[in-house]
J.: 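One structure is given below, represented as structure tokens, and several questions about it will come after.
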Amino acid sequence: MTSHLRLGVNIDHVATIRNARGGLHPDPLRAAEVAAAAGADGITVHLREDRRHITDADLDRLSIGVALPINLEMAATDEMLGIALRHRPHAACIVPERRAERTTEGGLDAAGQHNTLAPIVARLVDAGMRVSLFIAPEERQLEAAARLGAPVVELHTGPYAHATGDAVAAELERLERAVALGAAMGLEIHAGHGLTYDNVLPVARIAALAELNIGHFLIGEAVFTGLDAAIRRMRGLMDLGRAA
Ligand code: PXP
């Protein structure tokens, strides 16, 4: 049982808005400071191969200027490995990446890509980072993650978040089963993708979950209520779910 469910706020889309005009506003560093004051436990950024949102310069500034632990989402490439080893963020989350996708679509094929992932996971773990693999909530992927020696997995909540009708309960059950299975394997379990005020409660109730990473909805909601209020409301819902 994990009592405090950590919230990692993904600030990628603050950079997306900034990049739409190419200037300096809105500044992801300022967003990270607001997130810290609003109760976030960590800041998550995805440095993509095409640098469509967060840039190398952002990562430099965030690494120096943010008091919260940084979770770097990264593809399993030599370039990203080099950047992670130079920056040494608190955590590295290995995600699949396709240039043409709008967002991270599926989980990592930890089972099929063992030989590619093994040396990267080992280098990151050896450098002292908390390494996680972003995977679908499937037994095969959990077993593969454990074989790779990753101490943490982040379960893809996209299928749950996008489900409708009876599929919602089925996807939630799949998630719950995967959390229980992963925890029994000794893995620390995180979850994220597509989480909103409307769907976060049942996920927060899963007692063995340690962390949620939430981005797009919070940044979108910030347009209407401000980032501080959006994060505080999400934090409140997570605490409510955890208390249930
Ligand atoms: N976790 C991972 C591994 C992701 O790739 C993303 C999306 O960047 C998220 C969490 C956050 O998803 P969302 O932006 O839909 O909240």
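We count ligands from 1, going down the list as the structure has it; atoms in each ligand are counted the same way.
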J.: Can you list everything that forms a side-chain contact (heavy atoms from CB on, under 4.5 Å) with Val152? Sequence neighbours excluded, please.
T.: Arg130, Ser132, Glu188, His190

J.: In terms of residue, atom name and distance, what is the protein heavy atom nearest to atom 7 (C) of ligand 1?
T.: His193 ND1, 3.8 Å

J.: Before signing off on this row, confirm whether Gly215 and ligand 1 have an N or O atom pair separated by under 3.5 Å.
T.: yes

J.: Considering only heavy atoms of Asn10, which atoms of ligand 1 have at least one such atom less than 4.0 Å away?
T.: 8 (O)

J.: Under the criterion salt bridge (Lys or Arg N to Asp or Glu O under 4.0 Å), I'd like the reasoning laid out for Glu79 against Arg51: C-alpha separation, chi angles, the key distance, then a yes or no.
T.: CA-CA 13 Å; Glu79 183 200 14; Arg51 310 301 198 265; 2.7 Å; yes

J.: Show which atoms of ligand 1 fall inside a sub-4.0 Å distance from at least one heavy-atom site of Val95.
T.: 3 (C)

J.: Name the closest protein heavy atom to atom 11 (C) of ligand 1, giving the residue it belongs to and the distance to 0.1 Å.
T.: Asn213 O, 3.8 Å

J.: Could Arg86 and Asp56 be called an ion pair, given the rule that one side-chain N must be under 4.0 Å from one carboxylate O?
T.: no

J.: List the closest protein heavy-atom neighbour of atom 4 (C) of ligand 1: residue, atom name, distance to the nearest 0.1 Å.
T.: Glu73 OE2, 3.3 Å

J.: Of the protein's non-hydrogen atoms, which lies at the shortest distance from atom 14 (O) of ligand 1, and what is that distance?
T.: His216 N, 2.8 Å

J.: Among all protein non-hydrogen atoms, which one is nearest to atom 1 (N) of ligand 1, and what is the separation to 0.1 Å?
T.: Glu154 OE2, 2.5 Å

J.: For Val131, which of Asp126, Leu148, Ile120, Val121 qualifies under side chain to side chain contact (heavy atoms under 4.5 Å, CB included)?
T.: Val121

J.: In terms of atom number and element, which parts of ligand 1 are under 4.0 angstrom from non-hydrogen atoms of Ile214?
T.: 16 (O)

J.: Do Glu171 and Arg174 pass the salt bridge (Lys or Arg N to Asp or Glu O under 4.0 Å) test, and can you show the C-alpha distance, the side-chain angles, and the key distance before you say yes or no?
T.: CA-CA 5 Å; Glu171 287 296 342; Arg174 193 157 81 98; 3.0 Å; yes

J.: Under a 4.0 Å threshold between the charged nitrogen and the carboxylate oxygen, would Asp109 count as salt-bridged to Arg140?
T.: yes

J.: Students should be able to answer this: which protein heavy-atom is nearest to atom 15 (O) of ligand 1, and at what distance?
T.: Gly194 N, 2.8 Å

J.: Does the plane of the ring in Phe217 sit parallel, tilted or perpendicular to the ring in Tyr197? Use 30° and 60° as the thresholds.
T.: perpendicular

J.: Between Asp50 and Arg48, is there a salt bridge with N-O shorter than 4.0 Å?
T.: no

J.: Between His13 and ligand 1, is there a nitrogen or oxygen pair with a distance under 3.5 Å?
T.: no

